[in-house]
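Just so it is clear, the model here is predicted, and its values are computed rather than measured. In what follows, every heavy atom counts, from backbone to side chain, and hydrogens, waters and symmetry copies are set aside.
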Amino acid sequence: PPSTKAGHALFAAPHTERLLLFTGMSGRAVQMVLRRGQVHEFAPTEAMSLGAHTSGHFGLVLDGYLTLKRCGPAGKSIALSFFGPGTFLDLATEQEFLVASTPSVLVSWDQDAWESLGRRHANLVQNALHLLRARLRDAREQVHEITTQDVERRLARLLLRICSDLTASGDIATTGHPVSRKDLADLVGTTEHTVSRMIRAWHVGGIVDAGRRRVAITNLAALNGAPDPDTCRPFTEGSDLFTTRIWLSLLIYPMAAAVLFGAAVLPIMLVPWLDERAADFFPVAVAISVLGAAPIAWHLGGRIRKKER
């Protein structure tokens, strides 16, 4: 997006005083810092590449919501993080780019400007370090979640992190950041189908109210994992997971029956005295395949379902 060093309407005190980067700074100092930066205005879906031309640059999201993405091995973009108002960024990362989900405004400073501002405003540097440390802690926590928690829990924690605009009662929260099922799947390390199925199950259970690129949490206690078997049903082997296992078992059953029938018929055809009594033994082979395939299909369906989770 085009950049400018001119002032911006969002530089006004009512907006900037809520930003953590400027904690403990006077309004005049904040205006000085902002006017030393370059303003980048994004239209929805507009992107800005990071890397060589932003080396040594830092950025602050003034307004709107941005998604940090990277091109994957197959050329498809992979979401890495969501950024909202007040997020402080290191813009020197290679092979990554920012995509606006809504009309957004980003202010950036090059290395010379940032060093000059840091010498004048000690609070600015301290606040920036605090924000970057917080993001590093969040990144470590996400790595820990991926290695120790199942997909349902990871998705729940992600939704809780990106939710904003809590109501006064604290019962409902909405994701101010428009999110797609694909981006959520990238961030929790699973498939888009799995994320859609989980959100649908939570929607049926009254835990979330989901729409196109929008998720509202209607039961924060349940999404937090409160030990209530009714409200926390999606975190257990509930009806949705049970139905998935049934469908998998039905798909596996014909193949399992065919394998068992072949294994039972083969000795009948190869052993002469069994071949002579084939009319008696073929019904036995059919019974073995029909009855034996059911537990095998159910077991394999559960294994596949567990692996998907």
Side-chain angles (χ1 to χ4, degrees), residues 1-42 47-70 79-144 158 161-164 176-177 187:
S3 62
T4 176
K5 278 189 171 292
H8 195 278
L10 293 175
F11 287 4
H15 181 79
T16 57
E17 67 185 9
R18 299 193 300 266
L19 303 178
L20 295 179
L21 181 63
F22 303 132
T23 300
M25 297 178 61
S26 66
R28 183 177 179 181
V30 170
Q31 294 300 313
M32 179 186 298
V33 171
L34 289 172
R35 292 181 185 280
R36 286 292 303 273
Q38 293 211 344
V39 179
H40 309 267
E41 296 189 78
F42 294 77
M48 182 177 83
S49 297
L50 306 181
H53 70 284
T54 57
S55 178
H57 285 54
F58 293 97
L60 174 69
V61 181
L62 276 183
D63 192 38
Y65 296 91
L66 300 166
T67 302
L68 180 66
K69 295 191 175 186
R70 170 179 288 188
L80 301 178
S81 187
F82 295 138
F83 300 139
T87 304
F88 183 69
L89 309 171
D90 177 4
L91 301 179
T93 308
E94 296 283 350
Q95 299 178 344
E96 294 177 359
F97 54 97
L98 292 170
V99 180
S101 301
T102 64
S104 306
V105 178
L106 174 78
V107 180
S108 67
W109 299 270
D110 60 29
Q111 186 169 355
D112 292 339
W114 186 257
E115 290 178 353
S116 174
L117 291 169
R119 287 192 292 268
R120 292 189 178 189
H121 309 286
N123 282 348
L124 180 67
V125 176
Q126 293 176 3
N127 294 336
L129 289 175
H130 175 75
L131 292 172
L132 290 176
R133 280 199 301 265
R135 284 196 57 209
L136 182 59
R137 285 196 300 270
D138 288 342
R140 289 201 302 264
E141 183 64 24
Q142 291 180 47
V143 172
H144 177 73
L158 175 62
R161 275 197 299 270
I162 64 176
C163 273
S164 60
H177 195 305
L187 287 167

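To the nearest 0.5 Å, atom OG of residue S116 and atom NE2 of residue H121 are 8.0 Å apart. Atom CG of L20 sits about 8.0 Å away from atom CG of N127, to the nearest 0.5 Å. One finds the CG atom of L21 at 11.0 Å from the NE2 atom of H130 (value rounded to the nearest 0.5 Å). To the nearest 0.5 Å, atom CG of residue L136 and atom CG of residue L129 are 12.0 Å apart. Rounding to the nearest 0.5 Å gives a distance of 5.5 Å between CG of L66 and CZ of F42. F58 CZ to D90 CG: the interatomic distance, rounded to the nearest 0.5 Å, is 5.5 Å.
The two residues V99 and K69 make their nearest non-hydrogen contact at CG2-CD, 4.2 Å. For T67 against S101, the heavy-atom pair with the smallest separation is OG1-OG, 3.4 Å. Scanning all heavy atoms of the two residues, the minimum distance from F88 to A128 falls at CE2-CB, 3.6 Å. The two residues L117 and M32 have their closest heavy-atom pair at CD2-O, 4.5 Å. Residues P85 and G64 approach most closely at CD-O, 3.3 Å, considering heavy atoms.
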Worksheet item: So L124 and W114, side-chain contact (heavy atoms from CB on, under 4.5 Å) or not? Walk me through it.
Response: CA-CA 10 Å; L124 180 67; W114 186 257; 3.7 Å; yes
Item to complete: Might you work through the side-chain contact (heavy atoms from CB on, under 4.5 Å) test for F22 and L60, ending with a clear yes or no?
Response: CA-CA 11 Å; F22 303 132; L60 174 69; 3.8 Å; yes
Practice prompt. With side-chain contact (heavy atoms from CB on, under 4.5 Å) as the test, would you mind laying out the steps for F83 and L98 before giving the verdict?
Written response: CA-CA 9 Å; F83 300 139; L98 292 170; 3.9 Å; yes
Item to complete: Go through the steps for H57 and Q38 under the test side-chain contact (heavy atoms from CB on, under 4.5 Å), then give the verdict.
Response: CA-CA 10 Å; H57 285 54; Q38 293 211 344; over 6 Å; no
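Looking at residues two or more places apart in sequence or on another chain, you find a side-chain hydrogen bond (donor to acceptor under 3.5 Å, both in side chains) between S108 and H40. With sequence neighbours excluded, the residues satisfying salt bridge (charged side-chain N to carboxylate O under 4.0 Å, His left out) with R161 are E145.
Here the side chains of L106 and L89 are in contact, with some heavy-atom distance below 4.5 Å. Side-chain contact between T23 and N123 is absent, with no heavy atoms from C-beta onward closer than 4.5 Å.
Checked against the 6.0 Å centroid criterion, the rings of Y65 and F82 do not qualify as a close aromatic pair.
Applying the salt bridge (charged side-chain N to carboxylate O under 4.0 Å, His left out) rule to pairs touching residues 127-142 yields E141-R157, sequence neighbours excluded.
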